[in-house]
Trainee: 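Below is one structure. I have some questions about it.
Chain A is the first sequence line, chain B the second, and so forth, proteins listed ahead of strands; every chain is numbered from 1.
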Amino acid sequence: VVSWNAMIHGYVNNEHGQKAVELFAQMQREQVEPNSVTFLGAFNAIASISALEMARYVHCQLIQSEVHLDVTLGNSIIDMYGKCGSIEDACRVFNGMPTRNVISWNAMIGGYLKCNQGIEALELYKQMNEEHVNPSVVTFVNVLTACASIRCLEEGKHIHEHVIQSGYEMDNHIGGCLVDMYSKCGDLDDAYKIFEKMCAPNVVVWNAMIAGYAKSGEEKTAIKLYLQMLEKHVKPDSVTFVAVLNACSSIASLEEGRRVHQKAINFGCESEPFVGSGLIHMYSKCGSIEDACQVFKSLRACDIVIWTSMLDGYAMHGLGKEALCLFEQMCKEDLPMS
RNA sequence: CUCCCAUUGAC
């Protein structure tokens, strides 16, 4: 059973949730009894592919088995239901737990977040405080993300206070969340104050700050920051490029856009789906439908956003025939069209 | 073998 478990967890940790689920099924066909670690792996796998029906099925299976449902398993079930989009199921498990720890609360708050229920997430945090459960770093990360998602600066500042009172140091993890929260809430000055005080911001923190400016109409500042990031030899990733390409699109700066494209190639990010659609959109907005088309053709796996970016590009450039032709092709693909 | 966590794309 330990070998099966190791394999299942291995697949889950390498983004092969489907494979992990298949292994879990195969293991039982071969009459190996799952233990609690097996179920943890299975729940993680199901969560990663967001398979609600299977979540319920395996949850039932656990209850009918000999395996004792402890806090750890309960937490992982809450997490799984949250990630499968069923806050009701998560809530039922959470409410039915005989004992909870901080991870139970974190998983439940995280579930609300994933289901786009930021207000409920913050309400649960409040309840957690009332019940005198000590928040952990993950708690703060979750509630700051909740504030960012509902753009609630007041509550965000309040939680910032809690972070300071709790004595946690301003590391990249917490700092990144604060930068993101302040930027999304429109308070770029406070976001930058935190950013500049950080001693060694990692790529995520830079990205949050760059995206913050890019989305607030301060595209030039976003690009400037991106260039600073390169100077400081912080390695950009696909998130960086998507954010900067967006800034270039908004100000229709073809020259800058081309330079960013070149850097994306240098760092091996050019065929990431988000970067691909960002490039197509950028070239189209900057007036070069030819470049947009070339990027589109170079992409192997095209998702719905990439197709739509290209389609929109043709339409915006008055290329009706090309747009319709693309649409025909698009219909032959297996895409979730809206 | 062992549960929770931040930053990015089109219409």
Trainee: Does A/E256 come within less than 4.0 Å of A/R259, counting only side-chain N to carboxylate O?
Mentor: yes
Trainee: Side-chain N or O of A/N35 less than 4.0 angstrom from OP1 or OP2 on B/U2?
Mentor: no
Trainee: Measuring to OP1 and OP2 of B/A10, would you say a side-chain N or O of A/K285 lies under 4.0 angstrom away?
Mentor: no
Trainee: Look at A/H173 and B/U7 and indicate whether a side-chain polar atom (N or O) is within less than 4.0 Å of OP1 or OP2.
Mentor: no
Trainee: Side-chain N or O of A/K83 versus OP1/OP2 of B/C5: is the shortest distance under 4.0 Å?
Mentor: yes
Trainee: Does OP1 or OP2 of B/C5 have a side-chain N or O of A/K114 closer than 4.0 Å?
Mentor: yes
Trainee: For a quick check of understanding: with a heavy-atom distance under 4.0 Å over all strands, which category does A/I306 fall into, base, sugar-phosphate or nothing?
Mentor: base
Trainee: Step by step, would you call A/N44 with A/M80 a side-chain contact (heavy atoms from CB on, under 4.5 Å)?
Mentor: CA-CA 7 Å; A/N44 272 328; A/M80 168 178 68; over 6 Å; no
Trainee: Taking CD from A/E270 and P from B/G9, how many angstroms apart are they, rounded to a whole number?
Mentor: 20 Å
Trainee: Flag the pair A/I109 / A/M128 as yes when at least one side-chain heavy-atom distance between them is below 4.5 Å, and no otherwise.
Mentor: yes
Trainee: When all nucleic acid strands are considered with a 4.0 Å heavy-atom cut-off, which category describes A/N44: base, sugar-phosphate, or nothing?
Mentor: sugar-phosphate
Trainee: On the 0 to 90° scale, with breaks at 30° and 60°, tag the A/Y125-A/H162 ring pair as parallel, tilted or perpendicular.
Mentor: tilted
